[in-house]
Amino acid sequence: QSALTQPASVSGSPGQSITISCTGTSSDVGVYNDVSWYQQHPGKAPKLIIYDVRNRPSGVSDRFSGSKSGNTASLTISGLQAEDEADYYCSSYTTSSTWVFGGGTKVTVL
Amino acid sequence: EVQLVQSGAEVNKPGESLKISCKGSGYSFNTHWIGWVRQMPGKGLEWMGIIYPGDSDTRYSPSFQGQVTISADKSISTTFLQWNSLKASDSAMYYCVRQDRGNWFDPWGQGTLVTVSS
């Protein structure tokens, strides 16, 4: 199975909102609401920030929000802060009973 | 606190075998799937496979089927990722992850860096 498609990089100024897309197929993103998002700072393990398309784990800022339309899921970061500079990965469950990640998006705070 | 603690960094030669581990604590180990994720240097995350420690039911990504073996020893709450013959291209960071109540992964282990070099 192919990786989900994410933009390689997205940037924004402090306080702005940015959106990262995650495009899959009718075998993964399009058929399940099992999309999750992970934040990875340099040299650290990834951390769950969104599950089931739009739900935030306890302790994750409400500046992070998720949505989905058809085969594309999206992560929006509002009120961008310096600490949000990191790599972000989407993931989806698939019809093969496996999982697939996106290629990752580097977020830069200008 | 739910935790996954992985074994330490490894340096091996091509052709050698290797088994790295991931110990779970703070939750019912037997009733949560544990997966493995590869991250090659400077690259993205790749899902490798997953095991249910309760009955050792295992699934692999087609990309990793036959290349690695995932196993578990529920008596010590530990899962393993094993190679029979390492290649230089196996050099990467490997994370274990717990499948939570649904189809997402939380928490993640701290990672095990595997370096394969002659």
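Here is how names work: the chains are called A, B, and so on, in the same order as the sequence lines, proteins then strands, and each is numbered from 1.
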Can you give me the closest heavy-atom contact between B:Gly109 and A:Ala45, atom names plus distance? O-CB, 3.4 Å
Closest non-hydrogen atoms of B:Glu46 and A:Phe101, given as atom of the first, atom of the second and distance, are C-CD1, 4.1 Å
When clusters are formed by joining ILVMFWY residues with side-chain heavy atoms under 4.5 Å apart, either directly or through shared neighbours, do B:Ile70 and B:Tyr52 land in the same one? no
Where on B:Tyr95 is there a heavy atom nearer than 4.5 Å to chain A: the side chain, the backbone, both, or neither? side chain
Proximity breakdown for A:Thr94 and chain B, heavy-atom pairs closer than 4.5 Å: neither
Taking a hydrophobic cluster as the set of Ile, Leu, Val, Met, Phe, Trp and Tyr residues connected by side-chain heavy atoms closer than 4.5 Å, whether directly or through intermediates, do B:Phe80 and B:Ile34 fall within one such cluster? no
Which atoms of A:Gln40 are under 4.5 Å from chain B, going by heavy atoms: the side chain, the backbone, both sets, or neither? side chain
With a 4.5 angstrom heavy-atom cut-off, could you sort out which part of A:Tyr38 is near chain B: side chain, backbone, both or neither? side chain
Quick check on B:Val97 against chain A: is it the side chain, the backbone, both or neither that has a heavy atom closer than 4.5 Å? neither
Are A:Tyr93 and B:Trp104 close enough that their ring centers fall under 6.0 Å? no
How close do B:Asn103 and A:Ser36 get, counting heavy atoms only, and between which atoms? O-OG, 4.4 Å
Indicate if B:Phe29 and B:Trp33 have the same hydrophobic cluster label, given that clusters are the connected sets of ILVMFWY residues with side-chain heavy-atom separations under 4.5 angstrom. no
So if you build clusters from Ile, Leu, Val, Met, Phe, Trp, Tyr with side-chain heavy-atom gaps below 4.5 Å, do A:Ile20 and A:Ile50 land together? yes
Let me confirm one number: the CH2-CG distance from B:Trp108 to A:Leu48, rounded to the nearest 0.5 Å. 9.5 Å
Could you check which of B:Gln99, B:Gln110, B:Lys43 has the highest count of heavy-atom pairs closer than 4.5 Å to chain A? B:Gln99
Measuring heavy-atom distances to chain A, does B:Ile50 have an atom under 4.5 Å in its side chain, in its backbone, in both, or in neither? side chain
Evaluate side chain to side chain contact (heavy atoms under 4.5 Å, CB included) for A:Thr98 paired with B:Trp47, printing each intermediate quantity in order. CA-CA 8 Å; A:Thr98 58; B:Trp47 188 82; 3.4 Å; yes
Decide yes or no on side-chain hydrogen bond (donor to acceptor under 3.5 Å, both in side chains) for B:Gln39 and A:Tyr89, but give the supporting numbers first. CA-CA 12 Å; B:Gln39 187 168 37; A:Tyr89 296 89; 3.3 Å; yes
Examine B:Phe64 and B:Val37 and state if one hydrophobic cluster contains both, with Ile, Leu, Val, Met, Phe, Trp and Tyr joined whenever side-chain heavy atoms are less than 4.5 Å apart. no
